[in-house]
Amino acid sequence: MDEATPILTAERLTLTRPDDWHLHLRDGEALKAVLPDTVKRFARAIVMPNLKPPVTTVTQAAAYRQRILAAVPPGPTFTPLMTLYLTDDLPADEIERAIDSGIIHAVKLYPAGATTNSAAGVTDLKKCSATLARMERLGLPLLVHGEVTDPAVDIFDREAVFIERVLTPLLKDFPALKVVLEHVTTQDGVEFVKACGANVAATITAHHLLLNRNAIFAGGIRPHHYCLPVLKRETHRQALLTAATSGNPKFFLGTDSAPHARRTKEAACGCAGCYTAHAGIELYAEAFEQAGALDRLEGFASHFGADFYALPRNTEQITLVRAAWRVPDELPYLADDVLVPLRAGATVGWKLEDMQ
Ligand code: DOR
Ligand code: ZN
């Protein structure tokens, strides 16, 4: 059988081991708690740098990488792909050091104040011109949290306004810059990415493929469905599903799995983030199946991201079995608090078979 063809029967789906191109692993005891979920499923992950304090230097990223590697449980190999956190004063020379290190694969742009641990983010992209020029020249991708922070802009419009006010001018100034519109959530975002050249791509989360904004308010307020960018209306979910299952290599998997302790989610002002790593590939299988496109899952999950980052595709495989399993109500997280995963107490329809 041709290696590139996913083996699909009604009950089993075997595909090249996937990668997660957008992941929050945190640090310390939280890192140790969540990392096994990712390692079981994914060979590599782009690790977000929004720690407290953020990862802004190659030296910090190298130390964080060592802490991640030290926390990898025995079993399949796992390669963390590190990122730097863009600030107003990240020096252009740090980009040179990043390339030389061989461990840094991208730089993350958080508009200041846009989301969790983004206070040190960029206040004005003009301040980053020299650094962006160096990234463009050296081919280091910019990963974008694509939301404006202007409180006058409706929260459901912040991605579309970001595209108009920030992303379009950015790509005019740096037309060859590699850009990933992370966790794209709108039809506007999908259309924008499709209209750009091959240097612009997007990740899509499983929760944005499976849920629309009604899920935040189903029978009461549901803090575990609150993430940023916030879930959008059904037409946008449909546009994401169409893009993800289209076979267009500009769209690939990024879970944005973002753990928060239960008490920080179930609070008067709860944190943004959905934890999905416990079913990090299974949830996508559900979404693709709903769209009648399980045969397109492998390209999206295992090929297109590696191609964009100019990394080799993985050679091992994983197998998913059609079998419903119940997601626990909570997962261990910190010594004094737990984590509530997506689908807590409910079932997921695909199950990961033990690694071959
Ligand atoms: O929901 C989110 N959670 N969105 C982000 O952009 C950050 C993330 C986190 O770090 O918790
Ligand atoms: Zn994220």
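Each ligand, and each atom within it, is numbered from 1 in the order the structure gives. Just so you know, these numbers use all the heavy atoms, side chains as well, and skip hydrogens, waters and symmetry mates.
- Around atom 2 (C) of ligand 1, the closest heavy atom drawn from L228, N50, V230 belongs to L228.
- Remark: ligand 1 and H260 share an N or O pair separated by less than 3.5 Å (distance only, no angle test).
- Heavy atoms of N117 found under 4.0 angstrom from ligand 1: none, in either backbone or side chain.
- The shortest heavy-atom distance from R26 to ligand 1 is under 4.0 Å.
- Look at R313 and D307 and you find a salt bridge, because one of the NZ, NE, NH1 or NH2 atoms lies within 4.0 Å of a carboxylate O, short of that distance.
- Restricting D256 to its N, O or S atoms, the one at the least distance from the Zn ion (ligand 2) is OD1.
- Counting only N and O atoms by type, the side chains of E234 and Q238 include a donor and acceptor under 3.5 Å apart.
- Looking at E182 against ligand 1, nothing comes within 4.0 Å, counting heavy atoms.
- In this structure, A287 and L241 approach most closely via the heavy-atom pair O-CD1, 3.8 Å.
- Listed here is the closest heavy atom pair of Q290 and L210: NE2-CD2, 3.8 Å.
- Looking at T77, T38, T79, N314 one by one, the single match for side-chain hydrogen bond (donor to acceptor under 3.5 Å, both in side chains) with R44 turns out to be N314.
- Taking the centre of each ring, W21 and F308 stay at or above the 6.0 Å mark.
- Neither the backbone nor the side chain of M48 comes within contact range of ligand 1; no heavy atom lies under 4.0 Å.
- Panel note: side chain K265, backbone P223; a donor-acceptor pair is recorded below 3.5 Å.
- Going from atom OG1 of T203 over to atom CG of L181 covers 7.5 Å, rounded to the nearest 0.5 Å.
- The Zn ion (ligand 2) has H22 among its coordinating residues (N/O/S atom, backbone or side chain, under 2.8 Å).
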Which donor-acceptor pairs under 3.5 Å do side chains of residues 166-173 form with protein atoms, sequence neighbours excluded?
| from | atom 1 | to | atom 2 | distance (Å) |
| --- | --- | --- | --- | --- |
| T168 | OG1 | I163 | O | 2.7 |

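- Note on H183: not counted as a metal contact of the Zn ion (ligand 2), no N/O/S atom lying under 2.8 Å.
- Nearest protein heavy-atom contact of atom 3 (N) of ligand 1 is A272 O, 3.0 Å.
- In terms of polar-atom proximity, defined here as any N/O pair under 3.5 Å, Y110 makes no such contact with ligand 1.
- Remark: ligand 1 atoms within the under-4.0 Å shell around heavy atoms of A258 are 3 (N), 8 (C), 9 (C), 11 (O).
- Residues E282 and W325 bring no donor and acceptor atom of their side chains to less than 3.5 Å of each other.
- Of all protein heavy atoms, the one closest to atom 5 (C) of ligand 1 is T115 OG1, 3.0 Å.
- Taking only nitrogen or oxygen atoms, main chain and side chain alike, G273 reaches within less than 3.5 Å of ligand 1.
- Proximity to H145 (heavy-atom distance under 4.0 Å) selects the following atoms of ligand 1: 6 (O).
- Contact atoms of ligand 1 toward C227: 1 (O) (distance under 4.0 Å to a heavy atom of the residue).
- Here E182 fails the criterion, with no N, O or S atom under 2.8 Å of the Zn ion (ligand 2).
- Taking a cutoff of 4.0 Å between a charged side-chain nitrogen and a carboxylate oxygen, R17 and E316 qualify as a salt bridge.
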